[in-house]
**Student:** 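Quick one: the structure is below, questions incoming.
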2 protein chains.
Amino acid sequence: MAAHGSVTLLLARFSDLFARGLRACIDEDPALDVLADDVAPDRLGSRLAALEPDVAILNLAALEAVADVRRFHAAHPGVHLLVIAERPTDAEVDQVLACGAGACLSKEAQARDVRSAIHLASRGLVVLPRAGAETGPRRYPEVLTAREAEVLRHLQRGDANAEIAAALHVGVETVRTHRRNVYRKLGVRSRRELSDLSSG
Amino acid sequence: MAAHGSVTLLLARFSDLFARGLRACIDEDPALDVLADDVAPDRLGSRLAALEPDVAILNLAALEAVADVRRFHAAHPGVHLLVIAERPTDAEVDQVLACGAGACLSKEAQARDVRSAIHLASRGLVVLPRAGAETGPRRYPEVLTAREAEVLRHLQRGDANAEIAAALHVGVETVRTHRRNVYRKLGVRSRRELSDLSSG
DNA sequence: ACAGCGGGTGAGCACTACCTCACCCGCTCA
DNA sequence: TGAGCGGGTGAGGTAGTGCTCACCCGCTGT
C-alpha cells in the first residue's frame, strides 16, 4: 500500500493506442499511482515482485496462457489482478476469475468503469462485465475468404472467368461462385462497379 | 482542404479507451485538425457530407458491412478513407481497399504509424499493414468452452463427478474429460489447487 | 442465336471445434 | 481391496465454415 491512501498500479503491455487511452484514463484519477507502465509479458513476474503494486492490470491477449494469471496470483497473493481481455465470453471470464484474478474487463469498457474497477479490485472486490453488452460474440462485417480475395485480385486485373479458373486450377463454376460472394460482400453488382472504385 | 495546410479529420466511434489513445495520438500532431470525433455509424453519412474532411478514420468493427466503405467512397470521392480493423487478414485488407479505402490499419498499429498513414492517405497514397507482424491470426490463450465452464462452476462448489454428471445430464466419463481440460487450461492439477485459488 | 456475364440454389467434400463417451494406467485413502 | 480421483488416448456425432462444382434463370452484345 502506498502512503497517502492512493492505489499503486502496474500496467502490462498493450497495443500502443489502447495503452495511451488506458494511461490517460488512469492519470485523470489522482488517487491512482502508476509504478510501472508497458511491462512486457516476460517481465511481469520480476516487476510484480519488485514493485508489489496494489493492483496489476494484465493484458490477456499478450499472455502465453490463462494459467499465467494463476501463476502470478500464487506468487503474489497480495497483488489484486485486473485482467483486460479482448471481448471475453462468459466462459473466459469464469476462467480468468478461477485463476485468481479480482476482475476481468473487456477492452470495450468505459474509462470510468475501468477506474471504478481498479478501486474496487484494490479492496478485494470482484468485478466482472456480465452486463451482457460487452461479452459474447460480436457481429462483424462479412470478410472475404482467402480464395475469394484471390478471385478479387484477378477481377481487378480484368481477367475473364476462364482465365481466373485456369490460374487458380479450378473450374469456371467455382470462380463464378467465388465472384458472386465477392460481389455480395463488396456491395457491387458487376466488374464495372468494381473498377469504378479503383479509378474514381 | 483546410486553410494553413493542415489535414482535416473525421473520427468514427471507437471503444472508449482506444478512442482516447487515438485522439491523443492525433492531437500530438499540430498539422492534424479534428473536425468531428466519436461519430456514430449511422451518422457517418451526414457528417461526411456536412464537414467534407480530408481524411475520415472509420471503425470497421462498428460498420454493418464492408460495403458501407464502398458506399461512403462513392458518395464522397474527395474524402480519403482510412479504415481501422481489429486484426485484419490479408483478404480483409484487400476487401477494404477494393471498396475504395485509401488505407487499412490494425488496431495494434503504432501511434506514429497512424499519424504517417493519415498524412499519406490525405495525399491519395495507399497505406496497408502488410508487414506480416500485425496481420494474420493471433495466438490467444486457450479459453474454456461453455461446457467446460459449467463443469468448472460445479468443481468450485465442491461437487463430486457423479453429481456434476447428473446435473448436466451426461455421463461421468464426459465430466472427467471436461474436468481434465479445465485443469489443463487453468494450470491446476486437482480440486485442491482449484480451491486454493479462490480462498487465498 | 450463341457466348459471356449477372444472380439463385443446392450438393459434396474436407477441415475444425465441441461434446460425448469408452477404454487404458497409477495413486491414495478409508 | 475397492472406490474415487488424477492423467492419457481415441472414437463417434454434430455443427459450422470454406472450397469445389453443378444445375437453374435472365440480360446483353456481336
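Only heavy atoms go into these numbers, but all of them, side chains included; no hydrogens, no water, no symmetry mates. Below, chains carry the letters A, B, ... as their sequence lines are ordered, and counting in each starts from 1.
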**Student:** Tell me whether the OP1 or OP2 atom of dC21(D) has a side-chain N or O from Thr177(A) closer than 4.0 Å.
**Tutor:** no
**Student:** Using a cut-off of less than 4.0 Å, is there contact between a side-chain N or O of Arg189(A) and OP1 or OP2 of dG7(C)?
**Tutor:** no
**Student:** Does a nitrogen or oxygen in the side chain of Thr174(B) sit under 4.0 Å from OP1 or OP2 of dC19(C)?
**Tutor:** no
**Student:** Of the listed nucleotides (dG8(D), dC19(D), dC23(C)), which one gets closest to any side-chain atom of Glu173(B)?
**Tutor:** dC23(C)
**Student:** Just to confirm, is there a sub-4.0 Å distance from OP1 or OP2 of dG4(C) to any side-chain nitrogen or oxygen of Asn161(A)?
**Tutor:** no
**Student:** If you compare every side-chain N and O of Arg147(B) against the phosphate oxygens of dT20(C) (OP1, OP2), does one of them come in below 4.0 Å?
**Tutor:** yes
**Student:** Please classify the nucleic acid contact of Arg180(A) as base, sugar-phosphate, or nothing, using heavy-atom distances under 4.0 Å.
**Tutor:** base
**Student:** With a non-hydrogen cut-off below 4.0 angstrom, is Ser190(B) in contact with a base, only sugar-phosphate, or nothing?
**Tutor:** sugar-phosphate
**Student:** In terms of side-chain geometry, is the basic nitrogen of Glu163(A) or Arg157(A) positioned less than 4.0 Å from the acidic oxygen of its partner?
**Tutor:** no
**Student:** Just compare dC21(C), dC19(D), dG6(D) and give me whichever is closest to any side-chain atom of Val170(B).
**Tutor:** dC21(C)
**Student:** What I want to find out is whether Glu150(B) reaches Arg153(B) closely enough, with some N-O distance under 4.0 Å, to be called a salt bridge.
**Tutor:** no
**Student:** As a test of reading the structure: which of dG6(D), dC21(C), dC19(D) is closest to the side chain of Tyr183(B), going by heavy atoms?
**Tutor:** dG6(D)
**Student:** Less than 4.0 Å between a side-chain N and a carboxylate O, is that true for Arg20(B) and Glu28(A)?
**Tutor:** yes
**Student:** Between C1' on dG4(C) and CZ on Arg179(A), what's the gap in Å once rounded to a whole number?
**Tutor:** 9 Å
**Student:** May I ask you to decide if Cys25(B)'s main-chain N or O and Arg115(B)'s side chain share a donor-acceptor pair within less than 3.5 Å?
**Tutor:** yes
**Student:** Between Val143(A) and Gly171(A), which is nearer to the 5' end of DNA chain D once each is assigned its nearest nucleotide?
**Tutor:** Val143(A)
**Student:** Please tell me which of the listed nucleotides, dC5(D), dT20(C), dC24(D), lies nearest to the side chain of Arg176(A)?
**Tutor:** dC24(D)
**Student:** Within the 4.0 Å heavy-atom criterion, would you say Ala146(B) contacts the bases, only the backbone, or no part of the nucleic acid?
**Tutor:** sugar-phosphate
